[in-house]
There are 2 protein chains.
Amino acid sequence: MTREHTSNLPEVPEEIIQHFDQWQAEGVDASNCPVRDVLDRIGDKWSVLILMMLAREPKRFSALNKAVGDISKRMLTQTLRALQRDGLVERTVYPTTPPRVDYRLTDLGRSALVPLAGLIVWADKRHEEIRTSRDTFDKEEAVAARLSA
Amino acid sequence: MTREHTSNLPEVPEEIIQHFDQWQAEGVDASNCPVRDVLDRIGDKWSVLILMMLAREPKRFSALNKAVGDISKRMLTQTLRALQRDGLVERTVYPTTPPRVDYRLTDLGRSALVPLAGLIVWADKRHEEIRTSRDTFDKEEAVAARLSA
DNA sequence: AGTTATGGTCTCGTTTCGTTACCAATGATC
DNA sequence: GATCATTGGTAACGAAACGAGACCATAACT
């Protein structure tokens with residue numbers, strides 16, 4: 001009743017929506033919602049990106065640092081540790097000098113990439129639309145600001 | 001060659017991995033990667049959660065505030081504005097007193113929920129595994145700390 | 001006059017983040 | 001044999017983002 005079928009967009013499975021409804025009824029807090037727990041972790045600035053970079057093959061710290069480009073060593077270390085802690089990434093140290101460390105996805109980490117791939121395809125397909133929307137929004141905002149001045 | 005087939009886990013589509021490879025070769029910066037652009041935005045603490053809460057039907061500001069529980073009004077406003085700017089959410093004001101404002105998903109916003117649902121199912125299925133991994137990691141870390149003391 | 005309700009905004013103290021400097025150990029270079 | 005480069009980080013500091021709570025405008029109700 002709340003949503004009319006005016007387009008043939010892909011649908012969100014009813015089962016999932018029921019899931020959401022349930023959470024909403026209970027009030028979703030970080031403490032009581034497993035999905036919150038997971039999303040809060042990999043939903044940070046760098047985690048998904050790093051998982052993607054490790055998709056094909058293991059990489060060394062410095063290779064990751066170069067691949068991502070605008071991540072600092074500090075954040076790279078921090079993110080990798082968190083991914084390792086969550087069991088998505090495995091860290092191997094070869095005690096040479098200078099040290100050599102590589103990072104590889106675990107099975108769990110690889111399994112995460114499957115749904116993430118869906119998200120990436122979506123982002124790629126829709127990002128033009130999003131950028132357009134942003135431009136429009138910003139333009140309207142500028143007009144509104146001029147009016148109230 | 002880099003990945004042995006020892007388990008029957010769901011696979012990451014080769015096509016997607018090639019996508020990642022390409023990015024990696026170029027060096028993924030925020031500026032040159034559309035997916036980065038999108039991920040940086042909805043990959044924040046609250047966006048996904050709010051999209052989920054709006055899945056079934058439009059909601060008022062206060063309803064969202066209650067549903068999410070531990071979000072502050074400040075962040076709720078900020079996140080909703082960003083979602084609106086990106087064209088994922090529509091804001092409607094009814095000029096009554098006290099004011100009434102509701103937020104609903106746009107078609108674009110609804111389309112985002114499809115891949116997100118995949119991620120949520122994953123999180124739900126795997127979060128036990130993740131928690132276990134965390135506990136193990138923390139225990140090992142504690143041991144290491146004791147040794148070096 | 002005082003209370004309540006809504007959808008925010010403002011301010012302030014805390015957390016988190018990004019930048020830069022630095023380190024240890026070894027092999028190569030001069 | 002002193003110097004330098006390399007790798008995978010850590011430490012310290014200033015900047016930006018965040019969370020909690022006070023505050024506001026308006027009108028209906030008591």
Side-chain angles (χ1 to χ4, degrees), chain A residues 27-31 36 39-50 53-54 58-85 89-104 137 141 144-145 148-149, chain B residues 27-31 36 39-50 53-54 58-85 89-104 137 141 144-145 148-149:
Chain A
V28 182
D29 277 84
S31 49
R36 262 303 287 285
L39 247 42
D40 278 359
R41 270 273 34 267
I42 66 164
D44 65 5
K45 195 168 182 180
W46 305 110
S47 292
V48 171
L49 216 52
I50 289 175
M53 290 306 167
L54 293 175
K59 283 199 178 33
R60 302 179 57 169
F61 184 88
S62 49
L64 282 170
N65 204 165
K66 199 160 69 176
V68 175
D70 52 353
I71 193 173
S72 64
K73 288 200 286 182
R74 186 181 184 278
M75 288 316 293
L76 182 54
T77 302
Q78 201 168 109
T79 306
L80 284 169
R81 286 286 188 283
L83 291 173
Q84 186 192 358
R85 186 170 104 103
V89 155
E90 209 176 85
R91 179 174 183 266
T92 314
V93 183
Y94 304 93
T96 61
T97 32
R100 175 197 162 88
V101 178
D102 70 27
Y103 294 89
R104 74 187 61 223
F137 185 92
E141 200 184 42
S148 72
Chain B
V28 181
D29 277 82
S31 49
R36 263 300 288 285
L39 248 42
D40 278 0
R41 270 271 34 267
I42 66 164
D44 65 3
K45 195 168 181 179
W46 304 111
S47 292
V48 170
L49 216 52
I50 290 176
M53 290 305 167
L54 293 175
K59 282 198 177 33
R60 303 179 58 169
F61 184 88
S62 47
L64 281 170
N65 204 166
K66 199 159 68 176
V68 175
D70 52 355
I71 192 173
S72 65
K73 288 201 286 183
R74 187 181 183 279
M75 287 316 293
L76 181 55
T77 303
Q78 201 167 109
T79 307
L80 283 169
R81 286 285 188 285
L83 290 173
Q84 186 192 357
R85 186 170 105 102
V89 154
E90 209 177 86
R91 178 174 183 268
T92 315
V93 183
Y94 304 94
T96 61
T97 34
R100 174 198 163 88
V101 178
D102 70 28
Y103 294 90
R104 74 186 61 220
F137 185 92
E141 200 182 42
S148 72

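Letters A, B, ... are given to chains in the order of the sequence lines, protein chains preceding strands, and every chain is numbered from 1.
Distance, A:Lys66 NZ to D:dG8 C1': 15 Å, rounded to whole Å. Put simply, CG on B:Asp70 is 8 Å from P on D:dA20, counting in whole angstrom units. Here D:dT7 presents its C1' atom at 14 Å from CG of A:Leu64, a figure rounded to the nearest Å. Between the CG atom of B:Leu80 and the C1' atom of C:dG8 there is a distance of 11 Å, given to the nearest Å. Atoms NZ (B:Lys59) and P (C:dT6) sit 16 Å apart, rounded to a whole Å. Between the P atom of C:dG18 and the CG atom of B:Asp29 lies a distance of 13 Å, rounded to the nearest Å. In this entry the distance linking CG of A:Leu76 with P of D:dG9 reads 8 Å, nearest Å. Look at CZ on B:Phe61: it is 16 Å from P on C:dA5, rounded to the nearest Å.
Heavy atoms only, all atoms of each residue included: B:Ala67 and B:Met53 are closest at CB-SD, 4.2 Å.
The side chain of B:Pro99 has C:dG7 as its nearest neighbour among C:dG8, D:dT10, C:dG7. Set against C:dC22, D:dG19, C:dG18, the side chain of B:Met75 has D:dG19 as its closest nucleotide. For A:Gln78, whose side chain is taken as the heavy atoms from C-beta onward, the closest listed nucleotide among C:dC17, C:dC10, D:dG8 is C:dC17. Of the candidates C:dG8, D:dG19, D:dT26, D:dG19 carries the atom nearest the B:Lys45 side chain, counting heavy atoms from C-beta on.
Note: B:Lys59 NZ to B:Leu64 CG = 7.0 Å, rounded to the nearest 0.5 Å. A distance of 9.0 Å separates CE of A:Met75 from CD1 of A:Ile50, quoted to the nearest 0.5 Å. Separation of atoms CZ (A:Arg81) and OG1 (A:Thr77) is listed at 6.0 Å; rounding is to 0.5 Å.
Taking the nucleotide of DNA chain D with the nearest heavy atom to each of A:Pro98 and B:Asp44, the more 5' of the two is matched to A:Pro98. Where A:Arg74 and A:Arg81 meet DNA chain D, the nucleotide closest to each residue was compared, and A:Arg81 sits on the side nearer the 5' end. When each of A:Trp46 and B:Thr77 is assigned the nucleotide of DNA chain C with its nearest heavy atom, B:Thr77 is the one assigned upstream, toward the 5' end.
Contact annotation for A:Ser72: base contact, defined as any heavy-atom pair under 4.0 Å involving a base atom. Contacts of A:Tyr103 with the nucleic acid, taken as non-hydrogen atoms under 4.0 Å apart, involve only primed sugar atoms and P, OP1 or OP2.
Phosphate proximity of D:dG8 to A:Arg100: absent, as no side-chain N or O sits under 4.0 Å from OP1 or OP2.
Ion pair B:Arg36/A:Asp70 flagged as a salt bridge, since at least one NZ, NE, NH1 or NH2 atom sits closer than 4.0 Å to an Asp/Glu carboxylate oxygen.
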